[in-house]
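All values reported here derive from a predicted model rather than from experimental measurement. Note that the numbering runs from 1 along the sequence shown for the chain.
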Amino acid sequence: AVVSTQSTGKQWYQRRVRGTGVGAQNGILIKGGDPLETAHKIGVCVFDKTGTVTLGKPNVNRVIQISKDLSQLLAIAIAGSAESASEHPLGKAITYYGQQLLDVEQLGTVGDFLAIPGKGIKCTVTNLHHLFDLSSGVSIKDSYKVAIGNRTLMDEEGISLDSETETTMRESEERGHTVVIMVVDGKLSTLLTISDPIKKDAASAVDLLRSWGIKVFLLTGDNIRTAAAIAKEANIPRERIFAGVLPKQKVSKIRALQEKYNTKVAMVGDGVNDSPALVQADVGIAIGTGTDVAIEAADIVLIKDSLFDVPVAINLSRVTVRRIRINFVWALMYNVLGIPIAAGILKPWGFTFKPFVAAAAMMCSSLCVVISSLHLKLYKKPADIQSAEERLKHKLLSLRRVAERSLDKLKRNSKSREDMEGREFILKSLSSDSEYEV
(Lines give C-alpha, C1' and ligand atoms only; values in the text may rest on other atoms or scores of the structure.)
Protein backbone atom coordinates (compact mmCIF):
# COMPACT_ATOMS: atom_id res chain seq x y z
CA ALA A 1 0.00 0.00 0.00
CA VAL A 2 2.82 2.35 0.90
CA VAL A 3 4.59 1.50 -2.32
CA SER A 4 1.54 2.36 -4.45
CA THR A 5 0.93 5.59 -2.59
CA GLN A 6 4.54 6.65 -3.14
CA SER A 7 4.21 5.88 -6.84
CA THR A 8 1.05 7.95 -7.07
CA GLY A 9 2.77 10.93 -5.47
CA LYS A 10 5.79 10.41 -7.67
CA GLN A 11 3.76 10.42 -10.90
CA TRP A 12 1.99 13.65 -9.83
CA TYR A 13 5.32 15.38 -9.23
CA GLN A 14 6.90 14.04 -12.42
CA ARG A 15 3.91 15.13 -14.49
CA ARG A 16 4.20 18.68 -13.20
CA VAL A 17 7.94 18.81 -13.88
CA ARG A 18 7.54 17.27 -17.34
CA GLY A 19 4.69 19.65 -18.21
CA THR A 20 6.73 22.76 -17.32
CA GLY A 21 9.66 21.34 -19.30
CA VAL A 22 7.52 20.81 -22.38
CA GLY A 23 6.21 24.36 -22.00
CA ALA A 24 9.78 25.71 -22.00
CA GLN A 25 10.53 23.74 -25.17
CA ASN A 26 7.57 25.49 -26.81
CA GLY A 27 8.62 28.97 -25.71
CA ILE A 28 6.32 29.08 -22.67
CA LEU A 29 7.93 29.60 -19.25
CA ILE A 30 5.64 28.17 -16.56
CA LYS A 31 6.70 29.08 -13.03
CA GLY A 32 5.97 25.87 -11.16
CA GLY A 33 3.22 23.30 -11.09
CA ASP A 34 0.38 25.39 -9.66
CA PRO A 35 -0.14 27.60 -12.76
CA LEU A 36 0.09 24.49 -14.93
CA GLU A 37 -2.68 22.81 -12.94
CA THR A 38 -4.85 25.94 -12.83
CA ALA A 39 -4.64 27.00 -16.49
CA HIS A 40 -6.95 24.23 -17.73
CA LYS A 41 -9.77 25.71 -15.63
CA ILE A 42 -9.59 29.17 -17.23
CA GLY A 43 -13.02 30.41 -18.23
CA VAL A 44 -12.24 34.10 -18.73
CA CYS A 45 -9.18 35.63 -20.41
CA VAL A 46 -8.49 39.37 -20.16
CA PHE A 47 -6.07 41.06 -22.57
CA ASP A 48 -4.37 44.37 -22.01
CA LYS A 49 -4.36 46.49 -25.18
CA THR A 50 -1.07 48.33 -25.64
CA GLY A 51 1.84 45.96 -26.16
CA THR A 52 -0.31 42.86 -25.75
CA VAL A 53 -3.02 42.94 -28.39
CA THR A 54 -1.11 45.67 -30.25
CA LEU A 55 2.57 45.62 -31.21
CA GLY A 56 3.53 48.09 -28.49
CA LYS A 57 5.42 50.17 -31.08
CA PRO A 58 3.30 53.32 -31.39
CA ASN A 59 4.04 55.93 -34.03
CA VAL A 60 2.96 59.54 -34.33
CA ASN A 61 1.09 59.78 -37.62
CA ARG A 62 -0.50 63.21 -37.42
CA VAL A 63 0.10 66.52 -35.65
CA ILE A 64 -2.76 69.01 -35.54
CA GLN A 65 -1.80 72.52 -34.47
CA ILE A 66 -4.66 74.36 -32.79
CA SER A 67 -2.97 77.36 -31.20
CA LYS A 68 -1.47 80.04 -33.41
CA ASP A 69 0.91 81.09 -30.63
CA LEU A 70 3.33 78.28 -31.55
CA SER A 71 4.57 76.96 -34.84
CA GLN A 72 3.96 73.26 -35.41
CA LEU A 73 7.69 72.52 -35.36
CA LEU A 74 8.14 74.30 -32.03
CA ALA A 75 5.13 72.49 -30.60
CA ILE A 76 6.65 69.15 -31.61
CA ALA A 77 9.95 70.16 -30.00
CA ILE A 78 8.14 71.03 -26.76
CA ALA A 79 6.11 67.79 -26.75
CA GLY A 80 9.14 65.64 -27.55
CA SER A 81 11.17 67.32 -24.83
CA ALA A 82 8.42 66.94 -22.23
CA GLU A 83 7.90 63.25 -22.97
CA SER A 84 11.63 62.47 -22.89
CA ALA A 85 11.31 61.93 -19.14
CA SER A 86 8.35 59.57 -19.54
CA GLU A 87 8.52 55.77 -19.57
CA HIS A 88 5.15 55.32 -21.28
CA PRO A 89 5.26 53.88 -24.84
CA LEU A 90 3.20 56.79 -26.18
CA GLY A 91 5.58 59.28 -24.59
CA LYS A 92 8.58 57.51 -26.10
CA ALA A 93 6.88 57.61 -29.52
CA ILE A 94 6.40 61.38 -29.26
CA THR A 95 10.02 61.92 -28.22
CA TYR A 96 11.30 59.74 -31.06
CA TYR A 97 9.12 61.62 -33.54
CA GLY A 98 10.55 64.94 -32.37
CA GLN A 99 14.11 63.67 -32.56
CA GLN A 100 13.63 62.39 -36.10
CA LEU A 101 11.85 65.51 -37.31
CA LEU A 102 14.43 67.89 -35.85
CA ASP A 103 17.34 65.51 -36.62
CA VAL A 104 18.78 65.70 -33.11
CA GLU A 105 19.41 63.28 -30.27
CA GLN A 106 19.01 65.75 -27.42
CA LEU A 107 15.88 67.89 -27.25
CA GLY A 108 15.09 70.42 -24.54
CA THR A 109 15.55 70.19 -20.78
CA VAL A 110 12.76 68.91 -18.54
CA GLY A 111 12.08 70.12 -15.02
CA ASP A 112 9.39 69.61 -12.36
CA PHE A 113 8.32 66.42 -14.12
CA LEU A 114 5.18 64.71 -12.82
CA ALA A 115 3.72 61.53 -14.31
CA ILE A 116 0.04 61.01 -13.51
CA PRO A 117 -0.87 57.32 -14.11
CA GLY A 118 -3.71 56.87 -16.57
CA LYS A 119 -3.89 60.60 -17.35
CA GLY A 120 -0.62 62.06 -18.64
CA ILE A 121 2.31 64.23 -17.56
CA LYS A 122 3.05 67.75 -16.38
CA CYS A 123 6.42 69.49 -16.49
CA THR A 124 8.44 72.54 -17.46
CA VAL A 125 10.48 72.60 -20.68
CA THR A 126 13.51 74.84 -21.16
CA ASN A 127 16.63 75.12 -23.32
CA LEU A 128 15.06 74.86 -26.77
CA HIS A 129 17.08 77.59 -28.48
CA HIS A 130 19.75 75.23 -29.80
CA LEU A 131 17.17 73.34 -31.85
CA PHE A 132 16.44 76.25 -34.20
CA ASP A 133 18.58 78.58 -36.29
CA LEU A 134 18.37 82.26 -35.49
CA SER A 135 17.42 82.86 -39.13
CA SER A 136 14.39 80.58 -38.86
CA GLY A 137 12.34 83.36 -37.32
CA VAL A 138 10.89 81.06 -34.64
CA SER A 139 10.15 82.93 -31.43
CA ILE A 140 11.29 80.82 -28.47
CA LYS A 141 10.68 81.55 -24.81
CA ASP A 142 13.09 80.53 -22.07
CA SER A 143 10.52 78.30 -20.39
CA TYR A 144 7.23 76.57 -21.16
CA LYS A 145 4.77 75.07 -18.71
CA VAL A 146 3.44 71.91 -20.33
CA ALA A 147 0.65 69.38 -19.71
CA ILE A 148 0.21 66.41 -22.07
CA GLY A 149 -2.43 63.73 -21.67
CA ASN A 150 -6.04 62.69 -22.18
CA ARG A 151 -9.41 64.36 -21.61
CA THR A 152 -9.35 63.57 -17.89
CA LEU A 153 -6.13 65.53 -17.40
CA MET A 154 -7.52 68.40 -19.48
CA ASP A 155 -10.61 68.52 -17.26
CA GLU A 156 -8.39 68.73 -14.19
CA GLU A 157 -6.40 71.53 -15.83
CA GLY A 158 -9.60 73.42 -16.61
CA ILE A 159 -9.14 73.13 -20.38
CA SER A 160 -12.33 72.89 -22.43
CA LEU A 161 -12.41 71.38 -25.91
CA ASP A 162 -14.59 73.01 -28.56
CA SER A 163 -16.84 71.00 -30.86
CA GLU A 164 -14.42 71.14 -33.78
CA THR A 165 -11.59 69.73 -31.68
CA GLU A 166 -13.86 67.01 -30.29
CA THR A 167 -14.95 66.04 -33.81
CA THR A 168 -11.33 65.82 -34.97
CA MET A 169 -10.42 63.65 -32.00
CA ARG A 170 -13.44 61.41 -32.44
CA GLU A 171 -12.63 60.74 -36.10
CA SER A 172 -9.09 59.65 -35.21
CA GLU A 173 -10.23 57.53 -32.27
CA GLU A 174 -12.77 55.67 -34.40
CA ARG A 175 -9.87 54.60 -36.62
CA GLY A 176 -8.16 53.07 -33.59
CA HIS A 177 -5.74 55.94 -33.00
CA THR A 178 -4.93 57.43 -29.62
CA VAL A 179 -5.18 61.22 -29.47
CA VAL A 180 -2.87 63.03 -27.06
CA ILE A 181 -3.65 66.60 -26.09
CA MET A 182 -0.95 69.17 -25.28
CA VAL A 183 -1.50 72.35 -23.30
CA VAL A 184 1.27 74.96 -23.22
CA ASP A 185 1.22 77.78 -20.66
CA GLY A 186 -2.41 77.08 -19.85
CA LYS A 187 -3.66 77.17 -23.46
CA LEU A 188 -4.76 74.33 -25.72
CA SER A 189 -1.93 73.96 -28.22
CA THR A 190 -1.67 70.70 -30.15
CA LEU A 191 -3.25 67.31 -30.85
CA LEU A 192 -1.00 64.35 -31.65
CA THR A 193 -2.60 61.20 -33.08
CA ILE A 194 -0.70 57.98 -32.41
CA SER A 195 -1.30 54.58 -33.97
CA ASP A 196 -0.24 51.22 -32.61
CA PRO A 197 -1.01 48.39 -35.09
CA ILE A 198 -2.66 45.22 -33.87
CA LYS A 199 -0.55 42.05 -33.76
CA LYS A 200 -1.01 39.81 -36.75
CA ASP A 201 -2.00 36.80 -34.66
CA ALA A 202 -4.30 38.60 -32.21
CA ALA A 203 -7.62 37.92 -33.97
CA SER A 204 -6.77 34.26 -34.65
CA ALA A 205 -5.72 33.65 -31.04
CA VAL A 206 -8.89 35.29 -29.74
CA ASP A 207 -11.03 33.21 -32.11
CA LEU A 208 -9.39 30.03 -30.80
CA LEU A 209 -10.07 30.93 -27.17
CA ARG A 210 -13.68 31.81 -27.92
CA SER A 211 -14.17 28.54 -29.82
CA TRP A 212 -13.08 26.75 -26.62
CA GLY A 213 -15.81 28.51 -24.66
CA ILE A 214 -13.47 31.01 -23.00
CA LYS A 215 -14.83 34.54 -22.59
CA VAL A 216 -12.34 37.15 -23.87
CA PHE A 217 -12.18 40.73 -22.57
CA LEU A 218 -10.12 43.80 -23.53
CA LEU A 219 -8.80 45.99 -20.73
CA THR A 220 -7.33 49.41 -21.49
CA GLY A 221 -6.87 52.90 -20.16
CA ASP A 222 -7.71 54.27 -23.61
CA ASN A 223 -11.10 55.75 -24.47
CA ILE A 224 -13.99 53.58 -25.62
CA ARG A 225 -13.81 54.62 -29.30
CA THR A 226 -10.14 53.68 -29.69
CA ALA A 227 -10.66 50.50 -27.67
CA ALA A 228 -13.70 49.52 -29.75
CA ALA A 229 -11.75 49.94 -33.01
CA ILE A 230 -8.93 47.69 -31.74
CA ALA A 231 -11.38 45.17 -30.27
CA LYS A 232 -13.20 44.93 -33.60
CA GLU A 233 -9.94 44.03 -35.36
CA ALA A 234 -9.20 41.44 -32.66
CA ASN A 235 -12.73 39.95 -32.83
CA ILE A 236 -13.49 40.87 -29.21
CA PRO A 237 -17.19 41.77 -28.63
CA ARG A 238 -17.84 45.42 -27.83
CA GLU A 239 -19.76 44.50 -24.68
CA ARG A 240 -16.58 42.89 -23.32
CA ILE A 241 -14.44 46.03 -23.37
CA PHE A 242 -13.23 47.77 -20.23
CA ALA A 243 -12.11 51.21 -21.44
CA GLY A 244 -10.80 54.24 -19.57
CA VAL A 245 -9.53 52.03 -16.74
CA LEU A 246 -6.87 53.59 -14.52
CA PRO A 247 -3.95 51.34 -13.46
CA LYS A 248 -5.21 51.08 -9.88
CA GLN A 249 -8.66 50.05 -11.15
CA LYS A 250 -7.44 47.04 -13.14
CA VAL A 251 -7.29 44.85 -10.03
CA SER A 252 -10.92 45.59 -9.19
CA LYS A 253 -11.96 44.69 -12.76
CA ILE A 254 -10.24 41.29 -12.50
CA ARG A 255 -11.78 40.69 -9.08
CA ALA A 256 -15.24 41.60 -10.41
CA LEU A 257 -14.90 39.04 -13.23
CA GLN A 258 -13.83 36.36 -10.77
CA GLU A 259 -16.91 37.01 -8.65
CA LYS A 260 -19.32 37.37 -11.57
CA TYR A 261 -18.40 34.23 -13.50
CA ASN A 262 -17.14 32.12 -10.56
CA THR A 263 -14.36 30.70 -12.72
CA LYS A 264 -10.62 30.99 -13.14
CA VAL A 265 -9.57 34.27 -14.76
CA ALA A 266 -6.37 34.78 -16.74
CA MET A 267 -4.80 38.19 -17.31
CA VAL A 268 -2.44 38.77 -20.24
CA GLY A 269 -0.30 41.92 -20.01
CA ASP A 270 3.14 43.38 -20.50
CA GLY A 271 3.48 46.66 -18.62
CA VAL A 272 4.26 47.88 -15.13
CA ASN A 273 0.64 49.02 -14.79
CA ASP A 274 -0.53 45.47 -15.51
CA SER A 275 1.48 43.89 -12.68
CA PRO A 276 -1.14 44.19 -9.89
CA ALA A 277 -3.78 42.69 -12.21
CA LEU A 278 -1.41 39.85 -13.15
CA VAL A 279 -1.04 39.03 -9.46
CA GLN A 280 -4.79 39.28 -8.80
CA ALA A 281 -5.68 36.94 -11.67
CA ASP A 282 -5.77 33.19 -11.07
CA VAL A 283 -3.19 32.86 -13.86
CA GLY A 284 -1.08 35.87 -14.81
CA ILE A 285 0.45 35.67 -18.29
CA ALA A 286 3.17 38.13 -19.31
CA ILE A 287 4.51 38.90 -22.77
CA GLY A 288 8.22 38.09 -22.93
CA THR A 289 9.07 41.47 -24.45
CA GLY A 290 7.29 43.28 -21.62
CA THR A 291 8.71 44.97 -18.55
CA ASP A 292 10.73 43.10 -15.93
CA VAL A 293 8.11 43.94 -13.30
CA ALA A 294 5.32 42.30 -15.34
CA ILE A 295 7.45 39.22 -16.06
CA GLU A 296 8.27 38.88 -12.36
CA ALA A 297 4.60 39.20 -11.36
CA ALA A 298 3.30 36.68 -13.91
CA ASP A 299 2.82 32.93 -13.48
CA ILE A 300 3.46 32.21 -17.16
CA VAL A 301 5.77 34.07 -19.56
CA LEU A 302 5.34 33.88 -23.35
CA ILE A 303 8.94 34.05 -24.52
CA LYS A 304 8.16 34.29 -28.25
CA ASP A 305 5.71 37.20 -27.95
CA SER A 306 3.09 35.21 -29.88
CA LEU A 307 -0.51 35.36 -28.70
CA PHE A 308 -1.01 31.85 -30.11
CA ASP A 309 0.98 30.70 -27.07
CA VAL A 310 -1.92 31.67 -24.79
CA PRO A 311 -4.16 28.85 -26.12
CA VAL A 312 -1.09 26.60 -26.34
CA ALA A 313 -0.41 27.10 -22.61
CA ILE A 314 -4.03 26.33 -21.76
CA ASN A 315 -4.00 23.23 -23.96
CA LEU A 316 -0.74 22.01 -22.42
CA SER A 317 -2.33 22.35 -18.99
CA ARG A 318 -5.33 20.33 -20.16
CA VAL A 319 -3.14 17.58 -21.61
CA THR A 320 -0.99 17.40 -18.47
CA VAL A 321 -3.91 17.30 -16.04
CA ARG A 322 -5.71 14.74 -18.20
CA ARG A 323 -2.66 12.48 -18.08
CA ILE A 324 -2.41 12.92 -14.30
CA ARG A 325 -6.05 11.88 -13.91
CA ILE A 326 -5.52 8.84 -16.11
CA ASN A 327 -2.60 7.80 -13.95
CA PHE A 328 -4.59 8.30 -10.79
CA VAL A 329 -7.24 5.93 -12.14
CA TRP A 330 -4.52 3.44 -12.99
CA ALA A 331 -2.97 3.85 -9.51
CA LEU A 332 -6.37 3.38 -7.89
CA MET A 333 -6.90 0.13 -9.78
CA TYR A 334 -3.38 -0.94 -8.85
CA ASN A 335 -4.16 -0.34 -5.17
CA VAL A 336 -7.58 -1.98 -5.33
CA LEU A 337 -6.01 -5.16 -6.70
CA GLY A 338 -2.68 -5.08 -4.91
CA ILE A 339 -3.63 -4.21 -1.32
CA PRO A 340 -6.04 -7.11 -0.74
CA ILE A 341 -3.57 -9.56 -2.24
CA ALA A 342 -0.74 -8.16 -0.11
CA ALA A 343 -3.03 -8.47 2.94
CA GLY A 344 -3.46 -12.20 2.21
CA ILE A 345 -6.98 -12.39 0.82
CA LEU A 346 -5.85 -15.17 -1.49
CA LYS A 347 -3.82 -17.04 1.18
CA PRO A 348 -6.51 -19.73 1.68
CA TRP A 349 -5.91 -20.71 -1.91
CA GLY A 350 -2.14 -20.75 -1.40
CA PHE A 351 -1.35 -17.47 -3.16
CA THR A 352 0.63 -14.74 -1.36
CA PHE A 353 3.07 -11.99 -2.31
CA LYS A 354 6.65 -12.98 -1.73
CA PRO A 355 9.08 -10.15 -0.84
CA PHE A 356 10.76 -10.29 -4.24
CA VAL A 357 7.34 -10.08 -5.92
CA ALA A 358 6.47 -6.98 -3.88
CA ALA A 359 9.82 -5.44 -4.86
CA ALA A 360 9.14 -6.24 -8.51
CA ALA A 361 5.67 -4.68 -8.20
CA MET A 362 7.22 -1.55 -6.74
CA MET A 363 9.75 -1.32 -9.57
CA CYS A 364 7.05 -1.92 -12.17
CA SER A 365 4.87 0.80 -10.69
CA SER A 366 7.73 3.33 -10.72
CA LEU A 367 8.70 2.34 -14.25
CA CYS A 368 5.15 2.86 -15.48
CA VAL A 369 5.11 6.33 -13.89
CA VAL A 370 8.35 7.31 -15.63
CA ILE A 371 7.22 5.98 -19.02
CA SER A 372 3.87 7.73 -18.67
CA SER A 373 5.61 11.00 -17.81
CA LEU A 374 7.80 10.70 -20.90
CA HIS A 375 4.66 10.71 -23.08
CA LEU A 376 4.48 14.49 -22.65
CA LYS A 377 7.72 14.81 -24.61
CA LEU A 378 5.63 13.86 -27.64
CA TYR A 379 3.32 16.84 -27.07
CA LYS A 380 2.23 18.66 -30.22
CA LYS A 381 0.02 21.68 -30.63
CA PRO A 382 -3.60 20.65 -31.25
CA ALA A 383 -4.86 20.59 -34.82
CA ASP A 384 -6.99 23.74 -34.50
CA ILE A 385 -4.00 25.81 -33.34
CA GLN A 386 -1.78 24.45 -36.10
CA SER A 387 -4.53 25.12 -38.64
CA ALA A 388 -4.97 28.72 -37.42
CA GLU A 389 -1.23 29.35 -37.66
CA GLU A 390 -1.11 27.97 -41.19
CA ARG A 391 -4.07 30.10 -42.28
CA LEU A 392 -2.37 33.19 -40.88
CA LYS A 393 0.90 32.41 -42.66
CA HIS A 394 -0.91 31.90 -45.98
CA LYS A 395 -2.81 35.15 -45.48
CA LEU A 396 0.39 37.11 -44.80
CA LEU A 397 2.08 35.47 -47.78
CA SER A 398 -0.81 36.48 -50.03
CA LEU A 399 -0.71 40.05 -48.73
CA ARG A 400 3.01 40.22 -49.32
CA ARG A 401 2.66 38.98 -52.90
CA VAL A 402 -0.06 41.51 -53.64
CA ALA A 403 2.09 44.28 -52.18
CA GLU A 404 5.13 43.17 -54.17
CA ARG A 405 3.16 43.15 -57.43
CA SER A 406 1.69 46.58 -56.74
CA LEU A 407 5.03 48.06 -55.74
CA ASP A 408 6.86 46.49 -58.66
CA LYS A 409 4.34 48.17 -60.94
CA LEU A 410 4.99 51.43 -59.12
CA LYS A 411 8.71 50.85 -59.51
CA ARG A 412 8.37 50.52 -63.29
CA ASN A 413 6.42 53.76 -63.46
CA SER A 414 8.64 55.78 -61.14
CA LYS A 415 12.28 55.57 -60.18
CA SER A 416 12.24 58.25 -57.48
CA ARG A 417 14.04 57.71 -54.20
CA GLU A 418 10.82 58.25 -52.25
CA ASP A 419 9.09 55.41 -54.10
CA MET A 420 11.97 53.04 -53.39
CA GLU A 421 11.92 53.92 -49.70
CA GLY A 422 8.12 53.43 -49.62
CA ARG A 423 8.48 49.98 -51.17
CA GLU A 424 11.07 48.90 -48.61
CA PHE A 425 8.97 50.24 -45.76
CA ILE A 426 5.80 48.39 -46.77
CA LEU A 427 7.60 45.10 -47.35
CA LYS A 428 9.32 45.44 -43.98
CA SER A 429 6.00 46.13 -42.24
CA LEU A 430 4.45 43.01 -43.77
CA SER A 431 7.18 40.85 -42.22
CA SER A 432 7.79 42.78 -39.04
CA ASP A 433 6.56 39.91 -36.86
CA SER A 434 9.45 37.43 -37.01
CA GLU A 435 7.21 34.54 -35.89
CA TYR A 436 5.24 34.75 -39.15
CA GLU A 437 7.81 36.27 -41.46
CA VAL A 438 7.32 35.11 -45.02
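Listed by chain and number, the residues in a side-chain contact (heavy atoms from CB on, under 4.5 Å) with Ala281 are Ile254, Met267 (sequence neighbours excluded). Judged as a ring pair (Phe, Tyr, Trp, His ring centres under 6.0 Å), and not counting sequence neighbours, the contacts of Phe217 are Phe242. For Thr95, the side-chain contact (heavy atoms from CB on, under 4.5 Å) partners at least two apart in sequence or on another chain are Glu83, Ser84, Gln99, Leu107. Residues satisfying the side-chain contact (heavy atoms from CB on, under 4.5 Å) criterion with Leu101, sequence neighbours excluded, are Leu73, Ile76, Tyr97. The side-chain hydrogen bond (donor to acceptor under 3.5 Å, both in side chains) check on Glu157 picks up Lys122, with sequence neighbours excluded. For Asp292, there are no side-chain hydrogen bond (donor to acceptor under 3.5 Å, both in side chains) partners at least two apart in sequence or on another chain.
At least one donor-acceptor pair closer than 3.5 Å links the side chain of Ser317 to the backbone N or O of His40. Side chain of Glu173 to backbone of Ala227: no donor-acceptor contact under 3.5 angstrom is found. Gln65 contributes a side-chain N or O that, together with a main-chain N or O of Ser67, makes up a donor-acceptor pair within less than 3.5 Å.
Atoms CD and CG, on Glu259 and Leu257 in that order, are 9.5 Å from each other to the nearest 0.5 Å.
Taking the side chain as every heavy atom from C-beta outward, Arg210 and Pro237 approach each other to under 4.5 Å. In this structure the side chain of Trp212 never reaches within 4.5 angstrom of the side chain of Asp207, judged on heavy atoms.
A salt bridge is absent between Asp196 and Lys49: the closest approach of a Lys/Arg side-chain nitrogen to an acidic carboxylate oxygen does not fall below 4.0 angstrom.
No side-chain N or O of Asp155 forms a donor-acceptor pair with one of Thr152 less than 3.5 Å apart.
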